[in-house]
Amino acid sequence: MKLVPGLQDSYNNGMFQAVRGTRDIFSPLVEEYVRLEAIARRLAAQWGFGEIRIPTFEEAGLFKRGVGETTDIVEKEMYVFEDRGERQLALRPEGTASVVRSYVENNMHQKEKNCRLFYVANMFRAERPQAGRYREFEQVGFEVFGDPGPLADAEIITLAWEIFKSFGLSDLRLSLNSIGCPECRGPYREKLETVLAQMISQLCEDCQNRHQKNPLRCLDCKKCSEKVRAQAPAFQLCAACQAHARIVEDLLGACGLTFVNDPSLVRGLDYYTRTVFEISSPVLGSQSAVCGGGRYDGLVELLGGPATPATGFALGVDRVVEARFKEKPPASPPLKEQAAFLVFVKAGPKAVEYGFGLAQRLRQKGVSVFCSSATDSIKSQMRQAGKSGAKYALMIGDDEFSKKQVLLKNLQDSSQATLSPEEVMTRLASPC
Ligand code: ATP
Ligand code: MG
């Protein structure tokens, strides 16, 4: 594809800017992303989930079919583009459709009765950027295939909860609902459609268009949900769905999880059946949902596989990290015990080589060694050493080189000692 001649870009003041809705993530935020991902991976292993890396883009049709044609994600938020082969592709707006596509494509149902997968992946949605809502954001998602029972639902909800707890979030709300199966949803859909038809003039343009194709979506509409919910008929679950929902609740109770039954929770994606849930963090204010999920028993079949029950969730890493910062701002990072900053003091080329070699040997022993440029002033190097968080400064100059010594300065208490390189190695590689 050729770039458009005379293409407009943000290079107006002699620099580029990150695209609206995207951002760079720096320390100390980035460490929290890594910590959350590590917790998710640790718990995934503990609960028997294997990691899957999904492609960044897929055929647009996969999401249209999988997520649902009348959902906000597909109707308004998807980054769709045509590639050089004139294929309609989309940057993934969520992970479940891709995981299901892979499950079907790779015949995973034949390999494992109960298949459990998780992913850590960035998602792309062309939404209006605001606090907690980005156009590129990260999700961690877990999916269980092949288990129709309530235990699988309770298990994934408990797993999501455990991830948040391990990460250190304490103020969380769990909302739970059942949106039934196709049998009990059918009559409800009809009743809701009648109500919506009666209030059509009060509905937004989207809801006016979709109230027949997908009336349940109006319950989740950002503009109309309140008035629709006020008039919507009560949902009557069939006996089997009622029993399922009851067991999920009992199992959650058995793990000590408290939840709120929220009959208005329908979730923004079409593929859910029976259990749906959301976890939110009140400290976040308006965009407070940190995790959403539920059962999607019809999706594997809808995407060309054999009828396979499934359940899962996705959590929004960016919001979770933000919630953690709001609940408890991070303390200053602890001193790095096994770290030294190499400071060159009147060092000629040979002394620099000597220090460079020692740094390399220390790193091979697992010690962190930071340094700046040997051409920086001593004052500047010491300032950088202080900022680095290293416990020690390794001071090396021509004098140290000629005597094959090192001046080791403890930056915490300012004590110092002249040591041989071997003594430095022993002291730093095995701190007391
Ligand atoms: P919302 O109601 O906030 O729009 P959603 O129902 O669209 O959320 P899901 O598709 O269920 O969200 O995604 C799961 C989680 O991913 C959300 O609970 C949220 O934490 C996060 N998330 C969704 N969209 C965004 C976004 N644009 N920016 C940052 N995080 C997001
Ligand atoms: Mg959304």
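Whatever order the structure lists them in is the order used to number ligands and atoms, beginning at 1. All residue numbers in this chain count up from 1 along the given sequence.
The closest side-chain heavy-atom distance from Pro233 to Leu192 is below 4.5 Å.
Atom CZ of residue Arg229 and atom OG of residue Ser264 lie 3.5 Å apart, to the nearest 0.5 angstrom. Interatomic distance, Ser178 OG to Arg185 CZ, rounded to the nearest 0.5 Å: 8.5 Å. Expressed to the nearest 0.5 Å, how far CZ of Arg42 lies from CD of Gln46 amounts to 6.5 Å.
Which parts of ligand 1 touch Cys291 is read off a 4.0 Å heavy-atom cut-off, strictly below it: atoms 18 (O). Which parts of ligand 1 touch Lys222 is read off a 4.0 Å heavy-atom cut-off, strictly below it: atoms 4 (O). Remark: ligand 1 atoms within the under-4.0 Å shell around heavy atoms of Gly316 are 15 (C), 16 (O), 20 (O), 21 (C). When each atom of ligand 1 is checked for a heavy atom of Ala289 under 4.0 Å away, the hits are 17 (C), 18 (O), 19 (C), 20 (O). In the vicinity of Ala314, heavy-atom distances shorter than 4.0 Å reach the ligand 1 atoms 14 (C), 15 (C). Below 4.0 Å from some heavy atom of Gly132 lie the following atoms of ligand 1, by number and element: 28 (N), 29 (C), 30 (N).
When Tyr134, Phe313, Phe137 are ranked by how near their heavy atoms come to atom 22 (N) of ligand 1, first place goes to Phe137. Here atom 1 (P) of ligand 1 lies nearest to Arg133 when heavy atoms of Gln287, Gln130, Arg133 are compared. Ranked by closest heavy atom to atom 12 (O) of ligand 1, the top entry among Glu94, Arg125, Glu278, Glu322 is Arg125.
Looking at Val290 against ligand 1, only its backbone comes within 4.0 Å, counting heavy atoms.
A side chain to side chain contact (heavy atoms under 4.5 Å, CB included) with Val67 is found for one member of Asp72, Thr96, Leu62, Ile73 and no other, namely Ile73.
A salt bridge links Arg173 with Asp171: at least one charged nitrogen is closer than 4.0 Å to a carboxylate oxygen.
Glu190 and Thr194 share no side-chain donor-acceptor pair at under 3.5 Å.
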